[in-house]
Amino acid sequence: MLLQVLGTAAGGGLPQWNCACPGCAGARAHPERRRRHASLALRADEGSWYLVNATPDLGEQIEGCRELWPGPGPRDTPLAGVVLTDAELDHTLGIARLREADGFEILATPPVRTALLGLIRLGDTLGPYTRVTWRELGGKPQPLTAGGTVEIQAVPVSAKRPRYAAGTGEDDPAWVVALRLRETATGRTLVYAPALAAWTEEFQYAVEDADRVIVDGTFWDDDEPVRTGISAKTATGMGHLPITGPHGTAGRLAALRARCLYTHLNNTNPLTDPDAPQHAVLAGQGLGVAADRMVIEL
Ligand code: MLT
Ligand code: MN
Ligand code: ZN
């Protein structure tokens with residue numbers, strides 16, 4: 001299984017266009033600290049790739065990943081589709097940038113699909129431009145492509161819906177899912193969970209035997225969004241388990257056999273500064289932070 005990390009920032013990116021917080025100012029002063037919105041490129045098959053989430057940075061992310069470049073024909077593309085972990089805007093706004101394609105596939109859970117079709121009206125909007133084929137992302141492992149060796153499975157992690165969908169639809173734990181990706185030939189497994197509201201039994205089961213886990217590192221601690229003045233809600237209240245503290249993910253991850261990395265860093269997270277002492281705290285637990293353009297071969 002071959003993946004490339006296309007971005008590791010939470011909604012807004014690093015820097016965020018309207019933010020002068022120390023993290024964003026630091027990224028303006030030190031371009032190597034910039035992070036694009038959290039996303040992965042996943043090779044399904046020889047010459048066939050999927051994006052995991054479609055961010056507002058999608059165009060630049062494709063240009064930054066040689067395997068996703070078009071050719072040899074003028075409009076040939078290796079990009080077959082997009083897999084969505086949720087319906088949040090930072091993970092879906094990029095879909096409209098794919099409208100130049102002849103067609104592409106979107107794998108999504110039922111509540112995510114319903115929100116995008118009914119509330120954002122993505123089907124009506126894109127219909128005149130391109131052909132979108134929807135496929136249900138379910139809780140049972142399914143082959144990502146016919147004849148391919150990557151299996152994909154959604155693990156529901158939260159009923160938290162996007163703000164634009166507040167008060168609509170059913171309460172459904174599949175509003176936000178983690179993805180379990182398995183190479184059938186080798187059994188090697190990666191779990192990707194850029195948003196994790198609760199460490200459920202199902203999630204524990206999904207990560208227990210994984211080789212790689214890339215997980216929600218939005219906030220360092222629960223109070224961070226309130227302390228930094230970006231929200232009246234705590235991290236957990238925003239649907240993101242913090243890294244440290246009583247509900248922190250670090251202790252749970254450190255107990256796994258997998259190599260574990262954090263992604264979806266908010267610009268308030270001290271880990272956005274490579275010199276922050278928090279990096280040593282993570283390293284002491286055998287954990288780290290994913291980097292943009294990191295290549296993962298499993
Ligand atoms: C989140 O991860 O909580 C959402 O993406 C927030 C947002 O970007 O609006
Ligand atoms: Mn987000
Ligand atoms: Zn900021």
Side-chain angles (χ1 to χ4, degrees), residues 5-31 33-40 51-58 61 82-95 108-109 111-112 115-116 119-120 156-166 168 174-179 192-198 214-243 247 249 262-274 276 289-290 292:
V5 176
L6 298 179
T8 52
L14 183 73
Q16 177 176 320
W17 68 276
N18 65 341
C19 190
C21 77
C24 290
R28 288 189 186 95
H30 307 278
R33 294 188 191 178
R34 289 171 181 253
R35 291 176 186 266
R36 288 180 174 149
H37 286 90
S39 176
L40 299 177
L51 298 179
V52 178
N53 293 325
T55 86
D57 297 325
L58 176 144
Q61 287 173 321
V82 179
V83 184
L84 298 175
T85 59
D86 51 66
E88 293 287 348
L89 292 177
D90 58 340
H91 290 161
T92 54
L93 280 175
I95 294 172
T109 64
V112 168
L116 295 177
L119 298 171
I120 308 248
V157 290
S158 166
K160 185 209 154 199
R161 60 201 75 185
R163 276 193 259 174
Y164 69 79
T168 68
W175 271 104
V176 184
V177 298
L179 299 178
Y192 183 62
L196 187 65
I214 303 181
V215 76
D216 187 340
T218 312
F219 300 111
W220 178 256
D221 63 83
D222 205 29
D223 188 44
E224 182 186 313
V226 181
R227 189 176 59 249
T228 56
I230 62 149
S231 173
K233 290 184 181 163
T234 60
T236 347
M238 291 174 75
H240 298 287
L241 286 180
I243 296 174
H247 302 290
T249 50
Y262 282 109
T263 189
H264 196 271
L265 269 62
N266 195 55
N267 38 53
T268 52
N269 189 323
L271 292 169
T272 56
D273 176 354
V289 178
D292 288 26

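Atoms within each ligand, like the ligands themselves, are counted from 1 in listed order.
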Compute the minimum heavy-atom distance from Asp90 to ligand 1 and say whether it is under 4.0 Å.
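True for this residue.
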What residue and heavy atom of the protein are closest to [atom], and at what distance?
atom: atom 3 (O) of ligand 1; answer: His240 NE2, 2.7 Å
atom: atom 8 (O) of ligand 1; answer: Gly11 CA, 3.6 Å
atom: atom 4 (C) of ligand 1; answer: Glu88 OE1, 3.4 Å

By residue and atom, what protein N/O/S atoms are less than 2.8 Å from the Mn ion (ligand 2)?
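Hits for the Mn ion (ligand 2) below 2.8 Å: Asp90 OD2, His264 NE2.
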If the Zn ion (ligand 3) is the vertex, what is the angle to SG of Cys24 and SG of Cys21, rounded to 10 degrees?
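The two atoms form an angle at the metal of about 120°.
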Note, [X] side chain near [Y] side chain (heavy atom, < 4.5 Å):
X: Thr249; Y: Asp216; value: no
X: Pro242; Y: Glu224; value: no
X: Val215; Y: Tyr262; value: yes
X: Leu58; Y: Leu51; value: yes

Per-residue contact class, Gln16 against ligand 1 - non-hydrogen pairs under 4.0 Å
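None of Gln16 does.
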Once you restrict to heavy atoms under 4.0 Å, what part of His264 touches ligand 1? Side chain, backbone, both or neither.
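Side chain only.
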Would you give the length of the straight line joining atom CG of Asn53 to atom CG of Leu6, rounded to the nearest 0.5 angstrom?
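Rounded to the nearest 0.5 Å, the CG-CG separation comes out at 10.5 Å.
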In Å, rounded to the nearest 0.5 Å, how long is the span from CZ of Phe219 to CG of Leu241?
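Rounded to the nearest 0.5 Å, the CZ-CG separation comes out at 12.0 Å.
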So, for [X] and [Y], which heavy atoms are closest and what is the spacing to 0.1 Å?
X: Ala195; Y: His240; value: CB-CE1, 4.0 Å
X: Asn267; Y: Cys21; value: O-SG, 3.7 Å
X: Thr236; Y: Ala197; value: CG2-O, 4.4 Å

